[in-house]
Amino acid sequence: MRRIFASRPSPAMAVAFVALLAALSGTAIALPGTSSVDSGDIKNNAVRSKDIRNNNVRGADVRNGSLTGTDVRNDSLTGLDINESTLGQVPSANSANTAGSANTANSANTANSAENANSVDGQSAAKVFYNAATDSAAQTILDFGGLVLTASCPAGVLTVEASSGNTDSFIHSLINEEDEAEDDTFGGGDTFQLVPTSVNTLSDSLEGVLTYANDTGSVVSMTFAGETGGGTPNNPDCSFYGNALGG
């Protein structure tokens, strides 16, 4: 027994013992210190979401131009996340840029009516507004589509005459739904009393419609109202106002 304990292990035994210790200790190797791990120490595709602390990845950690729409949750971006000055114009928004020009049109040739012509469905519209004191000089208040209207206020009575430079014209009027008149050979220097004296003697106010056409194909339709003695605004002695549509 004494000889067994006194004998030294053979070289083969020593090698086997070292191999056993290596197997039992595993492959772990102690790191030299803090901040010493680099990409070469990490297995490719090994880091997962649970290995990263929440809210720690920053913009500098993401490659520029690498994120796409699939990386952003639907309906999550707001106006604060977008620089609006970098956005281009919405294609259909350009239509709004031309909306303001829709009111531009030719000025109608009038006196004391301040009317402007505007395009309405391929036709032109004109406004008439006349206010005058007793015995004011006659004024042309409409020259539109071949139809000319002249207004005056003799002795404080509203008078409106129609004329046309076309020799072959037609005119028709209806006032207060009862006083109707027409001239199918109108034109060439003729005059047509749009506000006849009979109407002024029956009432101090009136409303009506007028239709005019000539041989060139021009057609004018007009609605109007008038008043004798205290019209509006500013209570002049004679007033006449309306809108005409022609083409």
Side-chain angles (χ1 to χ4, degrees), residues 103 105-118 120 123-216 218-247:
N103 292 325
N106 297 324
S107 297
N109 183 15
T110 63
N112 197 37
S113 64
E115 61 177 334
N116 292 317
N118 293 295
V120 179
Q123 295 184 319
S124 294
K127 179 181 72 175
V128 175
F129 194 89
Y130 168 76
N131 285 324
T134 298
D135 296 328
S136 296
Q139 298 179 4
T140 299
I141 60 173
L142 180 69
D143 188 346
F144 182 64
L147 175 66
V148 177
L149 296 183
T150 302
S152 59
C153 190
V157 177
L158 175 65
T159 302
V160 180
E161 293 182 344
S163 61
S164 174
N166 292 74
T167 57
D168 189 4
S169 301
F170 166 85
I171 192 168
H172 174 275
S173 66
L174 177 63
I175 297 178
N176 292 343
E177 298 183 349
E178 59 184 21
D179 197 305
E180 185 174 13
E182 72 173 43
D183 186 350
D184 56 5
T185 60
F186 178 59
D190 295 341
T191 58
F192 180 86
Q193 294 297 324
L194 183 58
V195 183
T197 304
S198 59
V199 174
N200 278 322
T201 57
L202 294 175
S203 173
D204 63 352
S205 62
L206 58 94
E207 61 180 17
V209 294
L210 176 148
T211 301
Y212 164 84
N214 62 37
D215 56 353
T216 66
S218 177
V219 177
V220 176
S221 298
M222 182 177 180
T223 58
F224 58 86
E227 188 167 359
T228 292
T232 57
N234 300 325
N235 295 320
D237 296 308
C238 296
S239 297
F240 185 83
Y241 26 87
N243 289 292
L245 184 66

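This one's a predicted model, so the numbers in the text were calculated from it and none came from an experiment.
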field: Note, Ser164 side chain near Phe186 side chain (heavy atom, < 4.5 Å)
entry: yes
message: Tell me if the centroids of the rings in Tyr241 and Phe129 come within less than 6.0 Å of each other.
response: yes
query: Could you give all pairs that pass the disulfide (SG to SG under 2.5 Å) test and reach residues 124-162, with sequence neighbours left out?
result: Cys153-Cys238
Side chain to side chain donor-acceptor pair (under 3.5 Å) against Thr167, all qualifying residues, sequence neighbours excluded: none
- prompt: Looking only at atom types and distance, does a side-chain atom of Asn166 sit under 3.5 Å from a main-chain N or O of Asp168, one as donor and one as acceptor?
  reply: no
- prompt: Which pair of non-hydrogen atoms, one from Ala151 and one from Val160, has the smallest distance, and what is that distance?
  reply: CB-CG2, 4.3 Å
- prompt: Any idea which heavy atoms bring Val219 and Ala213 closest together, and the distance?
  reply: CG2-CB, 4.2 Å
Counterpart residues, side chain to side chain donor-acceptor pair (under 3.5 Å), relative to Glu161 (two or more places apart): Gln193
- prompt: Does the side chain of Asp184 reach to within under 4.5 Å of the side chain of Ile171, using non-hydrogen atoms?
  reply: no
task: Would you indicate whether the side-chain heavy atoms of Phe224 and Leu206 approach each other to under 4.5 Å?
output: yes
- prompt: Who pairs with Tyr212 by ring pair (Phe, Tyr, Trp, His ring centres under 6.0 Å), at least two apart in sequence or on another chain?
  reply: none
- prompt: With sequence neighbours left out, what residues match Thr134 under side chain to side chain donor-acceptor pair (under 3.5 Å)?
  reply: Asp237
- prompt: Under 3.5 Å, is there a donor-acceptor pair between the side chain of Ser218 and the main chain of Gly145?
  reply: yes
- prompt: Does atom CD of Glu180 have more than 12 heavy-atom neighbours from other groups under 6.0 Å away?
  reply: yes
task: Indicate the atoms forming the closest heavy-atom contact of Val195 with Phe240, along with that distance.
output: CG2-CE1, 4.3 Å
query: Who pairs with Asp135 by side chain to side chain donor-acceptor pair (under 3.5 Å), at least two apart in sequence or on another chain?
result: none
